[in-house]
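Ligands are counted one by one from 1 in listed order, and the atoms in each one are counted from 1 as well.
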Amino acid sequence: MKVDGRHIRSIWLDADGHTVSAIDQRRLPHHFVVAQLATCEAAAEAIRSMLVRGAPLIGATAAYGMALAMRADASDASLDRAYKALIVTRPTAINLKWALEEMRSLLRPLPASDRAGAAYSRAAEIAEDDIVINRGIGGHGVALIEAIAAKKKPGERVNVLTHCNAGWLATVDWGTATAPIYLAHDAGHPIHVWVDETRPRNQGASLTAWELGHHGVPHTVIPDNTGGHLMQHGMVDLVIVGTDRVTANGDVCNKIGTYLKALAAYDNGVPFYVALPSPTIDFSGADGIREIPIEQRGAEEVATMTGQTADGRIETVRIVPEGSPVANYAFDVTPARLVTGLITERGVLRADRASLAAAFPERIAAAAE
Ligand code: MRU
């Protein structure tokens, strides 16, 4: 998508053919900084520190991390080391494991001399595929928005609520939850997005709002607790969120607070959609609530807030009394029964095993091997 009128992706390969560049998302929205990742260790640290974040982008970065490792040393030992270093960076987004398995199963049988080239090609393919997939999600999702728009008076806006950042920054381009929004906006449908701020790291306030602003999509940032009130007053037509992992039975793991939005949507008869690329489906999982590992992050993310002062300095201030313990669960699971539909590259599916299996038979077969 565009930043200051210039098309840019969240991650790309530099002209030297081996260094990986990525937007440093920790610096947004106040500073646009590009980071160079020249080693597998740098790629792993970028994922761990959330320089890059969002399930599909984590997967693409990990794939490039394997390529960087193969460039430095293409031995079996290096392959294993790279896999181990990358897999532990973030526990919840299944795209990380998916991408690493793709890379390992491709590289393992190859002679060492062929591994670096093959790794860079496959990593580039994973990144390109993500763009195509998200465009596909957009095409299916925009039909949902158009159906709602068709029931409104001419010019009346469609209000979408979203949580966290499932935008182009969280993917390679387009985003998952935002792809239908960008397409609807570009097609001239009046659309407005309620952006949950998404404490504690504020991916909504700092990233989704920044993205939408640069693309000219009307939006309003709201405190996380506001969605239920808006839904009770008919101010939300549909919810579209992203996800870090969907189990085969249709349970959806996403940024903490998603479950509460799903409950409020259910209570108010507001459609609750989840946009996801197929690498986010974990066909080996059957029960999201019991099986998905939920990342617990550092206390400082909850106990402090970081922002820009009036004179332009970035400062972090403490908002919790010294000594008060805090908890920082990064994700929660929304049970399939609360999900109206899963917007995938192969269409809008019911959130259940039969629908997912029918749409992705090859993935079911691979999971059974
Ligand atoms: O902790 P984050 O910022 O990596 O969490 C991101 C999310 O929860 C996104 O909604 C999810 O990865 C979907 S991204 C298309």
Side-chain angles (χ1 to χ4, degrees), residues 1 9-11 22-26 28 46-62 89-99 127 130-131 133-138 141 161-182 193 195-208 210-211 224 239-246 252-262 272-282 288 292-298 301-302 328-334 339 342-345:
M1 306 306 286
R9 292 160 45 153
S10 62
I11 191 167
I23 299 171
D24 187 342
Q25 302 193 21
R26 301 166 305 183
L28 290 172
I47 300 171
R48 194 189 339 273
S49 68
M50 294 179 67
L51 183 157
V52 293
R53 31 69 49 206
L57 180 57
I58 290 170
T61 308
T89 50
R90 305 268 324 256
T92 303
I94 196 69
N95 305 58
L96 174 63
K97 182 160 183 258
W98 174 85
D130 182 66
I131 298 173
I133 286 174
N134 296 331
R135 179 62 180 75
I137 289 170
L161 184 141
T162 193
H163 192 67
C164 193
N165 173 262
W168 68 263
L169 288 166
T171 65
V172 180
D173 206 350
W174 284 103
T176 56
T178 54
I181 292 169
Y182 288 130
V193 185
V195 178
D196 281 354
E197 63 176 348
T198 319
R199 276 282 287 153
R201 286 188 70 102
N202 298 319
Q203 290 96 326
S206 59
L207 303 179
T208 306
W210 181 82
E211 270 193 28
D224 287 329
V239 178
I240 310 180
V241 297
T243 171
D244 293 82
R245 190 185 299 214
V246 171
V252 170
C253 183
N254 192 46
K255 182 55 55 190
I256 193 78
T258 302
Y259 172 46
L260 291 177
K261 294 299 137 66
F272 182 91
Y273 287 100
V274 179
L276 66 142
S278 52
T280 302
I281 307 168
D282 179 4
I292 298 177
I294 300 295
E295 177 178 16
Q296 290 190 54
R297 299 184 55 84
E301 289 184 353
V302 178
N328 190 5
Y329 295 92
F331 299 94
D332 61 25
V333 175
T334 298
V339 177
L342 301 171
I343 312 172
T344 74
E345 70 268 28

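Ligand 1 is surrounded by M50, R53, G54, A55, P56, R90, C164, N165, A166, A170, T171, T176, Q203, G242, T243, D244, N254, K255, F331, each with at least one heavy atom closer than 4.0 Å.
Residues meeting the side chain to side chain contact (heavy atoms under 4.5 Å, CB included) test with A179, sequence neighbours left out: W174. Residues satisfying the side chain to side chain contact (heavy atoms under 4.5 Å, CB included) criterion with D130, sequence neighbours excluded, are P56, N134, T171, V172. By the side chain to side chain contact (heavy atoms under 4.5 Å, CB included) test, T178 is found to be paired with Y182, E211, residues two or more places apart in sequence or in another chain being considered.
Under the 4.5 Å side-chain criterion, counting only non-hydrogen atoms from C-beta, L28 is not in contact with S206.
Exactly one residue among T243, N95, D244 makes a side chain to side chain donor-acceptor pair (under 3.5 Å) with T280. That residue is N95.
We find that E295 and R297 are joined by a salt bridge, their nearest charged nitrogen and carboxylate oxygen being less than 4.0 Å apart.
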